[in-house]
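I have placed the structure first, in the form of C-alpha cells, so that the comments after it can refer back to it.
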Amino acid sequence: MTIQDLKYITPLDIQAAHLNVTSSEMYAEAKDFNKHMYAMQKKRWRFLRDYWVMAVFNVIMLALGVLTAMSSYTSLLFSVSGGRGPVGLATGGNMWVTLFPVPIYIILFVWLIMLRKIYDSRLVLLISVILFPVNYAFIMLAIMNVILIGAMNKVDNEIKDEVGYPHFVELTLSYIRDEENAEDGGMESYSEDERSDDLESERRENPFDKYRTHWADGEGSMLADNDISAAITEKD
C-alpha cells in the first residue's frame, strides 16, 4: 500500500496517527489501513528480532573469541607473533598483535551496519573476514552474520516502500461532527437545552426583592429580620 492508493487518508493524518472520520467510505479505508499497518508491524518485528539477535550474537562471540585467542591452536596472529601452546597454557606471543583487528571490526560493523543501515550480505562477509586471523571460531560469526543480514535485507525490501514506513503506526479514529453542524447548534450544552422557563422567570422576579434594605444606590442589599417576619405574617 502506497500513499497513492489512499483517497481519504493524507500524510498529515499518518504523521499525527489520527483521523477524524466523516463518512462511511473514509471509515472503510481507515479500517483497511489499520489492518495493513498491523501486517507491516509483524514484518517489522521479524526484522527487529533478527537485528537484535545479530547484535547479541556478535557481542557474545567477540567476548568468547577474544578470551580464547591466546593460543596457537585457535589464532593465526598469535602464532605469527611467536606464541605457542593451548588456551590457558600458551607462552610467548603478543596480545596487541593478536587482537588489533577486533576494534577495526567493531568500528566498521557499528558504522556501516548499525548506523548507516547497509544490509548487504557481501559487505558483512567482507567485514567479518578481518576477524579470521584473530580466532578461527570467528568463521561461525561470519556465517551467522551473512544469514541474519540476508533475512533482514529481504524483509526491509518488502516494507521500505510501504506507506507508514518504518514505524507503521495505526490510526486512532474519532467521529467529531464537522464545524458546519457545530455552528447549527451541534455543540450546545445539555444544560442550555434543558433550561426551564419557570426557573428563568423566578430569577427575573424575586418576590423578596421588595423587602430588601438597600445600602446605597447601585450597591448591595440585604433582607432585614423584621422584613422577613413581616413578609411571613402578611402571607399568613
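Scanning both residues, Val134 and Phe138, for their nearest heavy atoms gives CG1-CE1, 3.8 Å. A pairwise comparison of heavy atoms in Val146 and Ser121 identifies O-OG, 3.7 Å as the closest pair. Closest non-hydrogen pair, Leu99 versus Ala69, comes out as CD2-CB, 4.0 Å. Between Met114 and Tyr51 the shortest heavy-atom distance is CE-OH, 3.1 Å. Scanning both residues, Lys31 and Leu173, for their nearest heavy atoms gives CD-CD1, 4.3 Å. Of all heavy-atom pairs between Tyr165 and Ile159, the closest is CD1-O, 3.2 Å.
Around OH of Tyr27, the count of heavy atoms belonging to other residues, nucleotides or ligands within 6.0 Å does not exceed 12. No more than 12 heavy-atom neighbours from other residues, nucleotides or ligands sit within 6.0 angstrom of OH on Tyr38. Other residues, nucleotides and ligands place more than 12 heavy atoms under 6.0 Å from the CH2 atom of Trp45.
Note on Phe78 and Trp96: same hydrophobic cluster, where clusters join Ile, Leu, Val, Met, Phe, Trp and Tyr whose side-chain heavy atoms are under 4.5 Å apart, directly or indirectly. Criterion: ILVMFWY side-chain heavy atoms under 4.5 Å apart, direct or through other members. Under it, Ile60 and Leu67 are not part of a common hydrophobic cluster. In terms of hydrophobic clustering, with Ile, Leu, Val, Met, Phe, Trp and Tyr side chains grouped at heavy-atom distances under 4.5 Å, Tyr105 and Phe100 are assigned to a common cluster. Note: the hydrophobic cluster containing Ile14 also contains Val21 (ILVMFWY, side chain heavy atoms under 4.5 Å, direct or indirect links). Connection of Ile143 to Val124 is not established within any shared hydrophobic cluster, with ILVMFWY side chains joined at heavy-atom distances below 4.5 Å, either directly or through further cluster members.
For the atom pair Ile118 CD1 and Trp111 CH2, the distance stands at 7.5 Å (nearest 0.5 Å). Of the inter-residue distances, the one linking Met152 atom CE with Leu48 atom CG reads 8.5 Å to the nearest 0.5 angstrom. To the nearest 0.5 Å, the span separating CG on Asp120 from CD1 on Ile113 amounts to 8.0 Å. With rounding to the nearest 0.5 Å, the separation of CE in Met37 from CD in Glu170 is 8.5 Å. Atoms CZ and CG, on Arg116 and Leu123 in that order, are 9.5 Å from each other to the nearest 0.5 Å. In this structure, the separation between OG1 on Thr10 and CG on Leu19 is 8.0 Å, given to the nearest 0.5 Å.
You'll find the side chain of His36 reaches within 4.5 Å of the side chain of Glu162, heavy atoms only. The side-chain heavy atoms of Phe47 and Trp52, taken from C-beta on, include no pair separated by under 4.5 Å.
Between the Asn58 side chain and the Met54 main chain, a donor and an acceptor come within less than 3.5 Å of each other. In this structure a side-chain-to-backbone donor-acceptor pair under 3.5 Å is missing from Asn157 to Lys154. Between the side chain of Ser72 and the backbone N or O of Gly85 there is at least one donor-acceptor pair closer than 3.5 Å. With Asn34 contributing its side chain and Leu171 its backbone, the two residues share a donor-acceptor pair below 3.5 Å. Here the side chain of Arg46 pairs no donor or acceptor atom with the backbone of Val155 at under 3.5 angstrom. When atom types are taken as modelled, the side chain of Ser128 and the backbone of Ala142 share no donor-acceptor pair closer than 3.5 angstrom. One N or O on the side chain of Ser79 and one on the backbone of Ser75 form a donor-acceptor pair closer than 3.5 Å.
Between the side chains of Gln41 and His167, no donor-acceptor pair is found at a separation under 3.5 Å.
With respect to Glu29 and Lys7, no salt bridge is recorded, no charged nitrogen being found less than 4.0 Å from a carboxylate O.
Proximity of the aromatic rings of Phe33 and Phe168 is defined here by a centroid distance below 6.0 angstrom, and this criterion is not met.
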After noting the C-alpha distance and the side-chain angles of Ile149 and Asp50, does the key distance pass the side chain to side chain contact (heavy atoms under 4.5 Å, CB included) rule?
CA-CA 8 Å; Ile149 282 288; Asp50 294 340; over 6 Å; no
Show the numbers, then the answer: is there a side chain to side chain contact (heavy atoms under 4.5 Å, CB included) between Val56 and Val59?
CA-CA 5 Å; Val56 172; Val59 171; 5.7 Å; no
I'd like to know whether Leu125 forms a side chain to side chain contact (heavy atoms under 4.5 Å, CB included) with Asn145, so could you lay out the CA-CA distance, the side-chain angles of the two residues, the decisive distance to 0.1 Å, and finally the verdict.
CA-CA 7 Å; Leu125 178 60; Asn145 280 343; over 6 Å; no
Would Phe109 and Ile106 satisfy side chain to side chain contact (heavy atoms under 4.5 Å, CB included), going step by step from the backbone distance to the final call?
CA-CA 5 Å; Phe109 185 86; Ile106 294 174; 5.8 Å; no
